Amino acid sequence: MAAAGEQVERTYGNWRKPRTPGIGKLGLLGTLILMGGMVATIMSMMFFGPLAAFVVAAVVAAVLTPLLIQDRHGRTALQAATARIAWWRGRSAGQHLYRSGPLGIKARGSCRLPGLLAASQAVDANDSYGQPFGMVILPQVGHYTVVLECGADGASLVDSDQIDTWVAHWGQWLAALSVEPGLVAASVTIETAPDLGHRLHSEVNANLDPDAPDLARQVLEEIVEHYPAGSAQVSTRIALTYAAAARPGAKRRSTPEMAREIGARLPGLSRNLAMTGAGTARAMTAQQIAEAVRVAFDPAAQALLDASHGETLDWSDAGPVATQEHWDRYIHDSGVSITWGMSEAPRGEVLSNVLAGLVSPHADISRKRVTLLYRPYDPGTAATLVERDRKDARFRITGDRTAARDAIAVDAADQTAREEAKGAGLVRFSMLVTATVRSADALPAAAAAIDTLAPAARVQLRRMYGSQAAAFTAALPLGVVLPAHLQVPAVIREAL
């Protein structure tokens, strides 16, 4: 119990990964196979004898074994084998290599984006206030993405009450996305990189008075020369992805229609972000998005773009000249990257600054990108999911032999259902962490840094083996919703 007048620091938690009902480690699909196998074994014993029953039981055991073997990230042997086979097939077909530019296969020697972004387009439009914003279009899935750049000040020298208020408004902003028409996903990308000082140099030169005293001029020159040394550039970008089809099965809307729809809602979304501690949020133009993507694929291009003084970069030239995907890393132009995915959210309750160390600059990582991925559910779907999750959690209760984790899962599912009934939103979230260095020799130090930062952030990260290119792309603020690009239906994936 806290003493009178003592301030209690607020904690956050109660996030959980929904699980389908099943026996032991088996999901719904595995449980159905087990029950069907038991019936088939009994029928074989009755009509064909013990030998036939043994053969049927052996076949069922062979099918269920890959579903029972799981690693510490909850990944089954079947999923690992499928990923390895898909990697081998793609590598045999040369899909891990990409070449563009004057010696590439693209038309007019352009540098198009690779992989999931190969067919992407970027256009400019104006919102309801006449302000320009850019839209990234993925025609293969009918998604339109707008990117907001925020000027977050951080939590340094800020009272805890103010931080709690920011977190509360951020939760309300996420909950409001569930009723945003046509919105399918949102992401928050925090990117840290060395500050080269070009922007400070341009700003000082543009505002320097030609008649300034020599002493003032000398002080400014020393500031421009020495201030960027050891400093970092932190960028915060929020991507909002809308579907061209207003609902499943509906006709897709055209690009002008989507521009009007998004432009009418963008000012309100940007204005509400100011109460979350994100600072001033402004929509990025297609040119600014192209520059951010260009630097992500080619970190050495940052100095050239900072010193370009307004020269335009076309979307068809925002991609890399060459990339090569390996099983555990991704090589792209002047950078080498490793991407991790979150396999488990923090257990228990955490403080609001739990991710501060993970998103902060690190000396062993040239460029670090932490992306939080959100997929909000509409109120009707959310109510159905929380009630189903309650039933699934109670299904695993087996009397006196109930595991402590299953009992806690029931309490968490009940609390989630109560909060949803009171109006709280339901959001599925994940995290991707990308570490980029200039050479392969620096990869071990960068990987060790992430392995050290992840436990402090109370998250469990798994390196995205066999899908480094797709994970690198999804970590960019471009609205790539990975589940929409998978061939296996979500119903089957969740039942495994």
Side-chain angles (χ1 to χ4, degrees), residues 2 5-16 146-180 183 185-192 232-241 265-284 342 345-361 368-377 382 415-416 419-420 422-433 453-454 456-459 475 477:
E6 181 180 353
Q7 185 177 7
V8 179
E9 195 165 7
R10 189 181 299 273
T11 58
Y12 304 89
N14 196 41
W15 36 69
R16 49 181 275 100
V146 59
V147 184
L148 302 175
E149 187 167 20
C150 304
D153 296 328
S156 300
L157 302 179
V158 179
D159 295 336
S160 58
D161 291 340
Q162 181 61 56
I163 296 176
D164 294 339
T165 302
W166 285 346
V167 176
H169 282 295
W170 174 249
Q172 294 176 4
W173 191 83
L174 286 179
L177 296 182
S178 62
V179 295
E180 185 72 13
L183 189 136
S187 68
V188 179
T189 302
I190 301 175
E191 187 174 18
T192 58
Q233 177 183 349
V234 181
S235 302
T236 304
R237 300 183 177 99
I238 298 177
L240 302 173
T241 303
R265 303 184 178 279
L266 198 55
L269 292 171
S270 303
R271 183 173 57 253
N272 293 337
L273 277 174
M275 297 182 294
T276 67
T280 303
R282 58 180 182 84
M284 299 178 65
M342 185 182 70
R347 295 183 184 178
E349 298 178 346
V350 299
L351 301 177
S352 58
N353 61 348
V354 64
L355 297 179
L358 187 61
V359 302
S360 299
K368 179 157 57 70
R369 191 179 305 109
V370 179
T371 300
L372 294 169
L373 307 172
Y374 299 96
R375 283 191 292 155
Y377 292 105
Q415 182 177 350
T416 301
E419 293 176 353
E420 191 280 331
K422 294 179 180 179
L426 186 66
V427 179
R428 176 172 293 186
F429 70 96
S430 185
M431 180 192 298
L432 292 173
V433 179
L453 295 173
R458 304 277 300 276
V459 296

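Bear in mind the structure is a predicted one, so any value in this text is a computation, not a measurement.
Put simply, CZ on R271 and CG on L266 are 10.5 Å apart, with the number rounded to the nearest 0.5 Å. Put simply, OG1 on T280 and CD on E149 are 11.5 Å apart, with the number rounded to the nearest 0.5 Å. The distance from atom OG1 of T371 to atom CE of M342, rounded to the nearest 0.5 Å, is 12.5 Å. Rounded to the nearest 0.5 angstrom, R369 CZ and T192 OG1 are separated by 9.5 Å. Between the CG atom of L269 and the CD1 atom of I238 there is a distance of 9.5 Å, given to the nearest 0.5 Å. R10 contributes atom CZ, which lies 12.0 Å from atom CD1 of I163 (distance to the nearest 0.5 angstrom).
With contacts defined as side-chain heavy-atom distances shorter than 4.5 Å, the pair T416/L426 qualifies. Residues Y12 and L351 are not in side-chain contact: their nearest non-hydrogen atoms beyond the backbone lie 4.5 Å or more apart. Between R265 and L183, every side-chain heavy-atom pair lies at or beyond the 4.5 Å cut-off. With contacts defined as side-chain heavy-atom distances shorter than 4.5 Å, the pair V354/V459 does not qualify.
Scanning both residues, S270 and A281, for their nearest heavy atoms gives CB-O, 3.8 Å. Between A185 and P376 the shortest heavy-atom distance is CA-CD, 4.3 Å. Closest of all the heavy-atom pairs between W170 and V188 is CH2-CG2, 3.6 Å. Here the closest non-hydrogen pair linking L273 and C150 is CD1-SG, 4.3 Å. R458 and E349 get closest at one heavy-atom pair: NH1-O, 3.6 Å. When all heavy atoms of W15 and P346 are compared, the pair lying nearest together is NE1-O, 2.6 Å.
In this pair, Y374 and F429 present their aromatic rings tilted. The plane angle is within the 30 to 60° band.
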Open item on the list: Is there a side chain to side chain contact (heavy atoms under 4.5 Å, CB included) between T189 and V147? Walk through the geometry before answering.
Closed with: CA-CA 10 Å; T189 302; V147 184; over 6 Å; no
TODO: Take L240 and E180 through the side chain to side chain contact (heavy atoms under 4.5 Å, CB included) test and state the conclusion after the steps.
DONE: CA-CA 10 Å; L240 302 173; E180 185 72 13; over 6 Å; no
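Residues passing the side chain to side chain contact (heavy atoms under 4.5 Å, CB included) test with V370 are L358, V359, K368, M431, V433, sequence neighbours excluded.
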